[in-house]
Protein chains: 2
Amino acid sequence: MYVTRKADYAVRCVLHLSKYPEQVVSVNDIAKAMHIPKSFLAKILQRLVRKNIVMSIRGVNGGFQLSRNPKDINLLEVIEAIQGVTAANICALDSKKCRLSSTCSVHPVWVGIRKEIEKRLREWSFSRLAEAKR
Amino acid sequence: MYVTRKADYAVRCVLHLSKYPEQVVSVNDIAKAMHIPKSFLAKILQRLVRKNIVMSIRGVNGGFQLSRNPKDINLLEVIEAIQGVTAANICALDSKKCRLSSTCSVHPVWVGIRKEIEKRLREWSFSRLAEAKR
DNA sequence: CTAAAACAGGACATAATCAGTCCTGTATAG
DNA sequence: CTATACAGGACTGATTATGTCCTGTTTTAG
Ligand code: SF4
Ligand code: SF4
């Protein structure tokens, strides 16, 4: 699978925090609400903190909250914060990774797909996601 | 990575065969032309044979050739022949795989991305790829 | 001032998947 | 009847994915 559990959990987590901006939520609460293994989520949150997507408050009554307005955080950013940049096929990530890329007629297809995916993921801010009805 | 080497090799291989339809090409020749480890390619070809994308001719001067017109084989088909159906995120493959899918506002995004990717891959037949200039 | 609650970070564990290799067997042209 | 080429299964090593655990630090309530 291309999107790892780790990244998907990160998305769920940020989505949850987007529902309660201004509020401090503990790992435990997020984990329960979004069905994520607690200690795994703890590690994920560390990364989101370093990437300046969420901020942490330590000590009793501590927890996490978004470090920015949900409208300024999008899906792509959160996923890349966890996985780094990815693409469906290596050559779309870096054409040097395949010696055939300069002549391969399939290469542009993967590049196009990558662009399309990134565009779509960028279009979805967490404010938009939080509002989206299902 | 989402598209495995195996699937990418399969695509290269079919692409090569598309350049010489009607001709019988040995594993060795394909492997050399497309820079694929020979015995690995041999296994890949077995699968393509079973999926009725290529046919094999055994014995001296044997080898492989496409079992259909390149215009009737597309990228999606070859990739799925090797990897089976895939998607960027599990819920796009099967919503039952995630208990949150019925309420998750991100789920439709992945479904949309999957549809878009499959559409694009389906649009590229190997005759079109073989003609494509680079 | 101290205990309890909560995050931080590193090390570790396990399973799955990927990327290939190798060996034995079978078919066939010449 | 032998060399060439495919068929199929077993096996292997490396990497990645998915977590857990333990120790330490920060903070606040009492
Ligand atoms: S699509 Fe072409 S360029 Fe990209 S990895 Fe495959 S062979 Fe290389
Ligand atoms: S996007 Fe939503 S539905 Fe899909 S896997 Fe993640 S949480 Fe589950």
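First the proteins, then the strands, lettered A, B, ... as listed; each starts at 1. What you see is a predicted model, and the numbers here were worked out from it, not measured in a lab.
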Taking the minimum atom-to-atom distance to the side chain of [X], which one of [options] wins?
X: A:Asn61; options: C:dG30, D:dA29, C:dC22; result: D:dA29
X: A:Gln46; options: D:dT18, C:dA19, C:dA8; result: C:dA8
X: A:Val27; options: C:dA27, C:dT21, C:dC7; result: C:dC7
X: B:Arg58; options: C:dC7, C:dG25, C:dC22; result: C:dG25
X: B:Val60; options: D:dT4, D:dG9, C:dG25; result: D:dT4
X: A:Lys43; options: D:dG19, C:dG9, C:dT21; result: C:dG9
X: B:Arg5; options: C:dG20, C:dT21, D:dA7; result: C:dG20
X: A:Phe40; options: D:dT20, C:dA6, C:dG9; result: D:dT20

For [X], report the nucleic acid contact type (base, sugar-phosphate, nothing); a contact means any heavy atom under 4.0 Å.
X: A:Ser26; value: sugar-phosphate
X: B:Arg47; value: nothing
X: A:Gly62; value: sugar-phosphate
X: B:Ile57; value: sugar-phosphate

Side-chain N or O of B:Ser56 less than 4.0 angstrom from OP1 or OP2 on D:dA7?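 Checking B:Ser56 against D:dA7: at least one side-chain N or O falls below 4.0 Å of OP1 or OP2.
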
May I ask you to evaluate whether B:Tyr9 reaches the phosphate of C:dA19, defined as a side-chain N or O under 4.0 Å from OP1 or OP2? no

Rounding to an integer number of Å, can you tell me how far [X] [atom1] sits from [N] [atom2]?
X: B:Leu45; N: D:dG8; atom1: CG; atom2: C1'; answer: 14 Å
X: A:Met55; N: D:dT27; atom1: CE; atom2: C1'; answer: 15 Å
X: A:Asp8; N: D:dG19; atom1: CG; atom2: P; answer: 11 Å
X: B:Lys38; N: C:dC22; atom1: NZ; atom2: C1'; answer: 12 Å
X: B:Ile79; N: C:dC18; atom1: CD1; atom2: P; answer: 14 Å
X: A:Gln83; N: D:dT15; atom1: CD; atom2: P; answer: 19 Å
X: B:Leu41; N: D:dA7; atom1: CG; atom2: P; answer: 11 Å
X: A:Asn89; N: C:dA19; atom1: CG; atom2: P; answer: 10 Å

Output yes when B:Arg120 and A:Glu116 qualify as a salt bridge under the 4.0 Å nitrogen-oxygen rule, no when they do not. yes

Heavy-atom nearest nucleotide on DNA chain C for A:Val49 versus B:Ser39: which residue maps closer to 5'? A:Val49

How long is the span from the NZ atom in A:Lys19 to the CG atom in A:Leu66, to the nearest 0.5 Å? 12.0 Å

Anything under 30° is parallel, anything over 60° is perpendicular, the rest tilted; go ahead and classify B:Tyr9 against B:Phe40. perpendicular

If you count the non-hydrogen atoms of other residues, nucleotides and ligands that lie under 6.0 Å from CZ in B:Arg68, is the total more than 12? yes

Just so I know, are the side chains of A:Val106 and A:Leu100 near enough to count as touching, which here means a heavy-atom distance under 4.5 Å? no

Can you check whether A:Asn61 reaches A:Val24 side chain to side chain, under 4.5 Å on heavy atoms?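 The answer is no, as the side chains (C-beta and beyond) never meet within the 4.5 Å cut-off.
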
